[in-house]
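A quick write-up on the structure given underneath.
Note that the coordinates shown come from a computational prediction; the quantities given were computed from them, not determined experimentally. Order of listing sets the numbers, starting from 1, for every ligand and every atom in it.
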Amino acid sequence: MNLLNEIGSAKNVGIAGHIRPDGDCISSTLALYAYLKCARPDIRCVVFTQDNPPSIFSYLEGYDEMNLTYSFDGKFDVFVALDVSSYDRLGDALTFFEKADKTICVDHHETNPGLADVNEIRPHASSTCEVLFELFEKEYIDKAVAECLFTGIVHDSGVFQYSNMSRRSFEIVGQLVEYGFDGPKIIQETFYEKSYVQNQILGRALLESILFMDGKCIVSMVDKKMMDFYNVLPKHLEGIVNQLKNTKGVEVAIFMYEMGTQRFKVSMRSNGGVNVAKIATLFGGGGHDRAAGVEMNGTYHDIINALSHEIEKQM
Ligand code: AMP
Ligand code: MN
Ligand code: MN
């Protein structure tokens, strides 16, 4: 896809990522926003986001200009969905997406069926930010754009650690760091640093975790009561599933938090032996081979039973 050609002579462009935005989602939407400011300064661009975008990303250019209320009259000439693999994950942006004259989707989820009129889905890319780098014309990448792209890659690759990092991903990171932002500070302050209560709730989740299937699986859960007690939101629980996954011998880690009565958000991580995207997709979710998510109804035990049944089939 030639992104600028596809955007063509659009006068207004809407941009959105997925609900409960993560680092790649916030960074890719703001990267495109900053890029279009350089490449097409005459375009009126609106970035939508919902569910309290994490404030750790407030250093990114455009963060304060994001539209949180979905207030926009009329329709967009072009609407771009980034890091979104299914319509329901567009949240409140879906109506703008449906009304737009033309839609574009850039993503890296294998489970993405191609949501838009024009799609660039690269399942082997580390992140949507990596795909955007490939689509951007280098003359319009400035420090702000580079900082966004770097942040997205850092977050979706667990600081360059996961198997989604290819030689090409490292080359791109190498080119990005030339723009002169403070990469180590971004990694420390947005990926590793947690608030005191976040660490406390992580501790609780680890303490109450259960090993099963001969130690090959681990599961833990945070209920509404615990979230209220520590006064944390879902976005503060990011990273817990990865810590569970770091347990020696574990092949699949499952972390869930209670969204409502008998409704849980489930995160799964795998070391590659089990394809967790396949399992998440069975229950209406999606993601990648080694990192996937889904929302499920039932009790904690119903959900563990259903998931472990599917995990067992693949082991
Ligand atoms: P999470 O467990 O929420 O960190 O998500 C892991 C991966 O799965 C990310 O790439 C998400 O975009 C994707 N994912 C999470 N939840 C869903 C869902 N309900 N539907 C589709 N993909 C999801
Ligand atoms: Mn994402
Ligand atoms: Mn992503």
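Using a 4.0 Å cut-off between charged nitrogen and carboxylate oxygen, R20 and E238 do not count as a salt-bridge pair.
Aromatic ring centres of F264 and Y257 lie farther apart than the 6.0 Å criterion allows.
Ligand 1 lies under 4.0 Å from heavy atoms of S85, R89, H109, K265, S267, R269, G285, G286, G287, H288, A291, A292, G293, V294.
In this structure, the side chains of S126 and D156 stay at 4.5 Å or more apart for every pair of heavy atoms.
Counting only N and O atoms by type, the side chains of R290 and N271 include no donor and acceptor under 3.5 Å apart. No side-chain N or O of N275 forms a donor-acceptor pair with one of H288 less than 3.5 Å apart. H108 and D83 share a side-chain donor-acceptor pair at under 3.5 Å.
Because its NZ or CZ atom is not both nearer than 6.0 Å to the ring centre of F255 and within 45° of the ring axis, K265 does not count as a cation-pi partner of that residue.
In this structure, R40 has no side chain to side chain donor-acceptor pair (under 3.5 Å) partners at least two apart in sequence or on a different chain.
Annotation: protein N, O or S atoms under 2.8 Å of the Mn ion (ligand 3) (waters excluded) comprise D24 OD2, D83 OD1, H108 NE2, D156 OD2.
Hydrophobic cluster of Y70: the remaining members, joined at side-chain heavy-atom separations below 4.5 Å, are V46, F48, F72, F76, F79, V84, Y87, L90, L94, F96, F97, L115, listed by chain and number.
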